[in-house]
Amino acid sequence: MRSAIVTHPLDPAALTAEVANVANGATVVFVGTVRDMNDGRAVTGMEYTAYLPMAERELRRIVEEAAARFGTNDVVVEHRIGELGLGEASVVIAVAHPHRANAYDASRYVIEALKARVPIWKREWYADGERAWVDPTRAAREALAEEPS
Amino acid sequence: MRSAIVTHPLDPAALTAEVANVANGATVVFVGTVRDMNDGRAVTGMEYTAYLPMAERELRRIVEEAAARFGTNDVVVEHRIGELGLGEASVVIAVAHPHRANAYDASRYVIEALKARVPIWKREWYADGERAWVDPTRAAREALAEEPS
Amino acid sequence: MTVTALLFASYADALGRSSVSLTLPPGATVSDALDRLRELPGGSALPPSPLVAINLAFARTNVELSPGDELAVIPPVAGG
Amino acid sequence: MTVTALLFASYADALGRSSVSLTLPPGATVSDALDRLRELPGGSALPPSPLVAINLAFARTNVELSPGDELAVIPPVAGG
């Protein structure tokens with residue numbers, strides 16, 4: 001079990017090796033990468049920033065929760081912050097378990113909790129030169145605001 | 001999109017690289033490995049055999065189904081046959097998609113369909129020297145047979 | 001007509017071979033071929049309704065066979 | 001008492017700073033601190049009920065602050 005917020009490029013193979021264990025039959029590795037398009041706008045890069053001590057604490061808790069809930073200590077997650085180019089990995093989650101259902105579910109648990117709770121923010125750089133902080137709640141709020149009252 | 005049944009050691013990193021694409025934000029890699037215990041018996045290795053032309057055909061179909069159903073061509077799967085030691089990978093599935101939900105679901109689809117439909121068999125080698133073909137349907141059949149009629 | 005029956009894993013072990021050439025009357029079905037296999041030494045190990053494939057595609061046991069067909073008798077699969 | 005308010009991402013951009021030292025009366029709550037932040041230039045950018053954390057743990061806005069607390073005002077998170 002390990003979690004870290006780092007500034008260097010992530011290495012999915014190293015994290016995969018870290019959870020290897022002959023008691024496990026299934027390993028699930030999730031890699032989140034910077035993509036070239038978001039909400040229809042061309043993106044050229046991304047900048048991640050964190051409230052570091054709290055982000056480290058929340059990430060550690062999430063890994064502990066996943067381990068307890070899905071019954072494996074072979075859970076490792078690293079999130080990168082700083083400036084990332086297209087295709088670069090921002091997060092890698094490696095989970096191994098004797099059985100595949102739990103490996104998938106634990107992996108999914110970690111990424112969903114990370115996106116909901118870990119104080120990390122990202123600013124997209126668009127092809128037109130603009131930069132904007134990503135707000136995952138905006139679409140939902142705008143939809144609510146448009147509802148007839 | 002690619003699928004193969006091979007006799008050499010699998011390379012998850014190579015398959016991960018194969019589905020990389022700047023349009024994708026999420027990559028899910030599943031690795032199935034030989035574990036040291038099954039149904040409470042110590043296992044020392046595994047031997048996989050296939051009805052090769054049909055296994056290749058079913059595996060290709062499964063990849064095509066996953067691609068169509070979940071909307072990505074970035075799906076690669078390799079299954080190894082032959083003799084495998086503890087901890088060695090028998091199957092690697094790499095899927096990438098713009099969004100994580102589809103990447104996870106497509107990965108899960110491929111492994112479940114593979115286990116249900118691809119004519120591959122495995123023989124476990126136990127610590128006591130015995131070898132036995134694995135029958136995933138045995139537990140269900142035995143439970144049925146024990147039901148009062 | 002002649003068809004080739006392929007046996008795998010535990011079925012191949014039980015019958016001591018991985019392929020059998022069967023000569024069957026015209027109109028014979030998969031069931032007829034399975035009955036013939038059951039008469040061979042070790043053939044009683046085949047279950048009542050095994051999974052079968054004809055020429056690489058899963059098939060039902062009431063399907064009629066054609067000369068030269070490759071009939072695979074498939075034990076419970078266990079890939080992954 | 002004095003508490004330190006931390007601002008991040010769009011909130012830091014709006015107020016032009018990433019931390020503010022606030023002097024508050026005893027018994028002041030998170031809400032009181034947020035009201036004080038809203039009076040600063042750019043402070044109107046803060047939403048009615050932002051997510052907050054006190055000393056690294058998420059907290060409700062009716063919680064009373066203690067001297068030396070680190071109050072983080074947290075924009076919608078977007079990790080991963």
Side-chain angles (χ1 to χ4, degrees), chain A residues 10-17 19-40 42-46 72 74 84-101 103-112 114-115 122 124 134, chain B residues 10-17 19-40 42-46 72 74 84-101 103-112 114-115 122 124 134:
Chain A
L10 301 178
D11 182 352
L15 271 70
T16 305
V19 296
N21 182 331
V22 290
N24 294 324
T27 303
V28 173
V29 183
F30 175 84
V31 184
T33 49
V34 177
R35 61 200 183 97
D36 62 358
M37 193 71 82
N38 195 20
D39 289 336
V43 171
T44 60
M46 198 83 96
T72 176
D74 297 317
L84 275 72
L86 295 185
E88 286 200 277
S90 54
V91 61
V92 177
I93 301 163
V95 178
H97 192 282
H99 302 291
R100 68 186 181 285
Y104 276 106
D105 290 349
S107 175
R108 195 74 198 267
Y109 180 84
V110 171
I111 187 64
E112 299 304 330
L114 186 161
K115 285 183 172 272
K122 60 188 167 203
E124 286 179 334
V134 174
Chain B
L10 301 178
D11 182 352
L15 270 69
T16 306
V19 298
N21 180 332
V22 291
N24 294 325
T27 304
V28 173
V29 182
F30 175 84
V31 184
T33 49
V34 177
R35 61 202 183 94
D36 62 358
M37 195 70 83
N38 195 22
D39 288 336
V43 171
T44 60
M46 198 84 96
T72 175
D74 297 318
L84 275 72
L86 294 185
E88 286 200 276
S90 55
V91 60
V92 176
I93 301 163
V95 177
H97 193 281
H99 303 291
R100 70 187 180 283
Y104 277 105
D105 291 348
S107 175
R108 196 74 198 265
Y109 180 84
V110 172
I111 186 63
E112 299 303 333
L114 185 161
K115 284 182 172 273
K122 60 188 167 202
E124 287 179 333
V134 175

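Order of the sequence lines fixes the chain letters, A, B, ..., with proteins taken first and strands second; residue numbering starts at 1 for each chain. The structure presented is a predicted model; accordingly, all values stated were derived computationally and were not measured.
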Please state whether the side chain, the backbone, both or neither of [X] comes within less than 4.5 Å of a heavy atom of chain B.
X        : result
A:Asp105 : side chain
A:Ala101 : both
A:Ser107 : both

Chain A contacts, top residue of [options] (heavy-atom pairs, under 4.5 Å):
options                             : answer
B:Pro12, B:Gly87, B:Ala103, B:Pro98 : B:Pro98
B:Ala94, B:Ala89, B:Gly32, B:Ala23  : B:Ala23
B:Thr27, B:Thr16, B:Asn24           : B:Thr27
B:Val91, B:Val31, B:Ile93, B:Val43  : B:Val31

Just so I know, are the side chains of A:Val28 and B:Val28 near enough to count as touching, which here means a heavy-atom distance under 4.5 Å? yes
With side chains defined as the heavy atoms from C-beta onward, is the minimum distance between B:Tyr104 and A:Ile111 less than 4.5 Å? yes
Roughly how far apart are B:Arg100 CZ and A:Arg108 CZ, rounded to 0.5 Å? 6.0 Å
A:Arg35 side, atom CZ; B:His99 side, atom NE2 - distance, nearest 0.5 Å: 4.5 Å
Taking all non-hydrogen atoms of both residues into account, name the closest pair between A:Leu86 and B:Val22 and its distance. CB-CG1, 3.9 Å
Given that the side chain runs from C-beta out, which part of B:Ala20 has a heavy atom under 4.5 Å from chain A: side chain, backbone, both or neither? neither
